[in-house]
Q: 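After the structure tokens below, expect a handful of questions from me.
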Protein chains: 2
Amino acid sequence: MDKINIKRLAEELNLSTSTISRALQDSYQIGAATKQRVLELAKKLNYQPNPHASSLGSSRSKTIAVVIPEVFDSYFALAINGIEAVAQAQGYHVLIYLTHERLQLEQEILHAFRSGRVDGVVISVSAETTSTAHIQALRAQGVPVVFFDRAADDVDTARVTTNDTESAYQATCHLIERRCTTLLLLSISRHLSIGRQRIAGYRQALTEHGLAFRDDDIVDCGQDPEANRELLEATLRARPGIDGIISTVEMLTESTYQACYALHRRIPQDVKVVSFYNSRSAAILNPSLTTISQPAFEMGKTAATLLLKALRNPKSTLVAENVVLPSVLTIRNSTASIG
Amino acid sequence: MDKINIKRLAEELNLSTSTISRALQDSYQIGAATKQRVLELAKKLNYQPNPHASSLGSSRSKTIAVVIPEVFDSYFALAINGIEAVAQAQGYHVLIYLTHERLQLEQEILHAFRSGRVDGVVISVSAETTSTAHIQALRAQGVPVVFFDRAADDVDTARVTTNDTESAYQATCHLIERRCTTLLLLSISRHLSIGRQRIAGYRQALTEHGLAFRDDDIVDCGQDPEANRELLEATLRARPGIDGIISTVEMLTESTYQACYALHRRIPQDVKVVSFYNSRSAAILNPSLTTISQPAFEMGKTAATLLLKALRNPKSTLVAENVVLPSVLTIRNSTASIG
DNA sequence: GTGAAAGCGCTAACAG
DNA sequence: CTGTTAGCGCTTTCAC
């Protein structure tokens, strides 16, 4: 029992390899009867086409890449599910790359994609990504790119985001309505579009309500939960007047709660907290957390769908198009009114 | 500026393509000077090797597959990080496949691997996986497989697990010490090795403490959080005597808490809860959760390391070998003594 | 409707 | 140390 390949099938059926190839691809040029025979034999012999050979021949890999900063956050975990779902349904394979929030790694990864390893890329850029030459270059090589969640403004391609400005605005308004007057915004990327938008929404809400926007109300957090907790503790200690916190990243929730616990700042009595948060655990936190939850799964699904559609029509340009899926503000106890 | 490939480099340098190929692979056969020239030109021309061609030629794809049930759980998210970290470091690529806990999908996915798409597989089997012919068959084709977390007993290959029996035993003992007498164990896979082990540990603890093991103290949960919550509510309502719950899956924690909330069963006063749980949010739950946390990242890392090592030595057999990394029981308020 | 044949770009004996 | 020469298995014009 030697290797069974297209040639073997051809011999067995007294057909040429090209006919087999076409039959397997369900080409219209092949007679139904022939197709039938080919498919049957293939099934019987347990034929598995060699993907590398077919990628080489066709210059299409049937593979897409997902480039994300991390998978700790439940946002990205959920998004992967969405992406994988549509890819699997359409016969595509999914390669995962983590940038660990580092621009250099992101550049290297995308640079390697110039080789044709993948047909397209779905990406959420790293917190460090300011320059976008690496993304532009990839697109220039004909590799379509779709952003999801964290997009780079200066790249004209499809992006799937949520209504970041508006959500941050709503969250801020909500806190203000609950009588907060000194609001901290926790950010991990001031320069990223998404970070700026959330800041913008926050700022707009403050302004509309006659509150001052202070630059040092924006806290620049990093990747390390411990360090972030310390930073927050220090900030809260230094500024006892703070009575509201908006966390723009799921990961910062734990540090925020821990900092409040440590300083005996009661949530929501002393400080109210709202966070961008996608895990189901929001409802069982202490206290239950008021969240802005993003449609993570849907966003992944949509991004992959856009990409695969572009891959189907070689001419489809995948131009600047922004699909905005709404996030949902769910009010829970972390922002409850006092009495 | 046409396509730059190995042939182009060869012409440019007046060398043969094989020399270029070897130089790029840093073969010992090539003179340092030549290597230098090749690498320089490659860099200058921005040469990117075609991975499909090289996979085809060498029958090695430099790609491994990660097959997991889902990515909702933070366990798998963390494990992916570990796997990706070592793969990236060693120049491997990572394909992700989700089985959605379905055996059939798992079979199809593994079946497709017979094509040589991947050099090896790291897998955590689905909850439905009873028969393992698909895994055996893949191994028979020479594709090494490493299990992590959820292994199939009857496949003789490397596996990376945690001390499931012992952890469940510890958790159960802990509850018994805190004066629980009627303990529920929430499971999602009674027949999976991992499920059985956790049950065994639970059972052993009960027995050693003179408590009866009742088969209907094992609650078989499914994938849907809502349904699980209802099931738990029904169970708790039907059996008011229950004073301890051991959840063997992170995902079940929320349902457990919600069920207790709904029935006004106070945790830990009325019911104590301990869960296998890997997210940092354990400490900020209401009440904070006593957890058994698995070294998820390390487990992923170890599994990938074993696999890649096997890929390096073609002869290395990757025999039945069980690397057991210990889980940690962290006691928090969900199992606090009353008074 | 089917076949012949020329690659796709790289690897890997085998020579020397 | 470098070159020659077959492929790897499939796709895809171009013929018939």
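Below, chains carry the letters A, B, ... as their sequence lines are ordered, and counting in each starts from 1.
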Q: Could you tell me how far apart B:L24 (CG) and C:dG9 (C1') are, to the nearest whole angstrom?
A: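 Rounded to whole Å, this separation is 12 Å.
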
Q: From the set D:dC10, C:dG9, D:dG3, return the single nucleotide nearest to any side-chain atom of B:N5.
A: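 Given the options D:dC10, C:dG9, D:dG3, the side chain of B:N5 is closest to C:dG9.
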
Q: Nearest whole Å is fine: how far is D:dT4 P from B:K7 NZ?
A: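 Atom NZ in B:K7 sits about 13 Å away from atom P in D:dT4.
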
Q: Counting side-chain heavy atoms from C-beta on, which of D:dT11, C:dG3, C:dG9 comes nearest to A:I6?
A: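 Side chain of A:I6 sits closest to D:dT11.
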
Q: Quick one: on DNA chain D, does B:R22 or B:G57 contact a more 5' nucleotide (nearest heavy atom)?
A: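 Its nearest nucleotide lies further toward 5', so the answer is B:R22.
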
Q: For B:N81 and A:H100, which I'm curious about, is there any donor-acceptor pair between the side chains at under 3.5 Å?
A: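 There is no such pair (donor and acceptor under 3.5 Å, judged by atom type) between the side chains of B:N81 and A:H100.
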
Q: Would you say B:S18 reaches D:dT2's phosphate, i.e. side-chain N/O to OP1/OP2 under 4.0 Å?
A: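 No, no such contact exists.
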
Q: So which nucleotide from C:dT11, D:dC10, C:dG9 ends up closest to the side chain of B:L56?
A: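 Looking only at heavy atoms from C-beta outward on B:L56, the closest nucleotide is C:dG9.
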
Q: Does A:Y47 have a side-chain nitrogen or oxygen under 4.0 Å from the phosphate oxygens OP1 or OP2 of D:dG9?
A: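 Looking at the OP1 and OP2 atoms of D:dG9, neither is under 4.0 Å from any side-chain N or O of A:Y47.
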
Q: Would you mind reading off the distance between B:K35 atom NZ and D:dT2 atom C1', rounded to a whole angstrom?
A: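 Nearest whole value for this atom pair: 13 Å.
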
Q: Looking only at side-chain N and O atoms, does A:S18 offer a donor or acceptor that is under 3.5 Å from a partner on A:S21?
A: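 Distance-only check fails for A:S21 and A:S18.
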
Q: Contact class for B:T34 vs. all strands (heavy atom < 4.0 Å): base, sugar-phosphate, or nothing?
A: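 It contacts sugar-phosphate atoms only.
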
Q: If you measure only the distance, is there a donor-acceptor pair under 3.5 Å linking the side chains of B:T161 and B:N322?
A: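 On atom types as modelled, these side chains qualify, holding a pair under 3.5 Å.
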
Q: Let me know the distance between OH of A:Y28 and P of C:dG1, rounded to the nearest Å.
A: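 My rounded result for the distance is 10 Å.
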
Q: So, OP1 or OP2 of C:dA12: does either fall under 4.0 Å of a side-chain N or O from B:R60?
A: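 True: B:R60 side-chain N/O within range (under 4.0 Å) of C:dA12 OP1/OP2.
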
Q: Rounding to an integer number of Å, can you tell me how far B:H52 NE2 sits from C:dG7 C1'?
A: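 Whole-Å distance recorded here is 16 Å.
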
Q: Nearest whole Å is fine: how far is C:dG9 P from A:R114 CZ?
A: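 The distance from CZ of A:R114 to P of C:dG9 comes to 17 Å, rounded to the nearest Å.
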
Q: Starting at CD of A:E11 and ending at P of C:dG3, how long is that distance when rounded to a whole Å?
A: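 Distance check: A:E11 CD to C:dG3 P gives 13 Å.
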
Q: Is the shortest side-chain N/O distance from B:S58 to OP1 or OP2 of C:dC10 below 4.0 Å?
A: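 For C:dC10, neither OP1 nor OP2 has a side-chain N or O of B:S58 closer than 4.0 Å.
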
Q: Check whether the side chains of B:Q90 and B:R312 place a donor and an acceptor atom closer than 3.5 Å, and report yes or no.
A: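 Yes - a donor-acceptor pair under 3.5 Å links their side chains.
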
Q: In whole Å, what is the span from the CG atom of B:L15 to the P atom of D:dT4?
A: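 In whole Å, D:dT4 P lies 11 Å from B:L15 CG.
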
Q: Going by atom types alone, do B:S126 and B:T129 pair a side-chain donor with an acceptor below 3.5 Å?
A: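 Yes, side-chain donor-acceptor contact under 3.5 Å.
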
Q: So, does A:Q25 get its side chain near the phosphate of D:dT11, meaning an N or O under 4.0 Å from OP1 or OP2?
A: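 Yes, such a contact exists.
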
Q: Is any side-chain N or O of B:R37 closer than 4.0 Å to OP1 or OP2 of D:dT2?
A: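 No.
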
Q: Compare the minimum distances between each of C:dT2, D:dG3, C:dT11 and the side chain of A:T19, then state the nucleotide with the smallest one.
A: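 Output: C:dT2.
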
Q: Between A:F113 and A:Y97, is the ring centre distance below 6.0 Å?
A: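 They qualify: ring centres under 6.0 Å apart.
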
Q: Classify A:S55 by what it touches in the nucleic acid, base, sugar-phosphate, or nothing, heavy-atom distance under 4.0 Å.
A: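 No contact at all - A:S55 keeps every heavy atom at 4.0 Å or more from the nucleic acid.
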
Q: OP1 or OP2 of C:dT11 less than 4.0 angstrom from a side-chain nitrogen or oxygen of B:S21, does that happen here?
A: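 Result: yes.
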
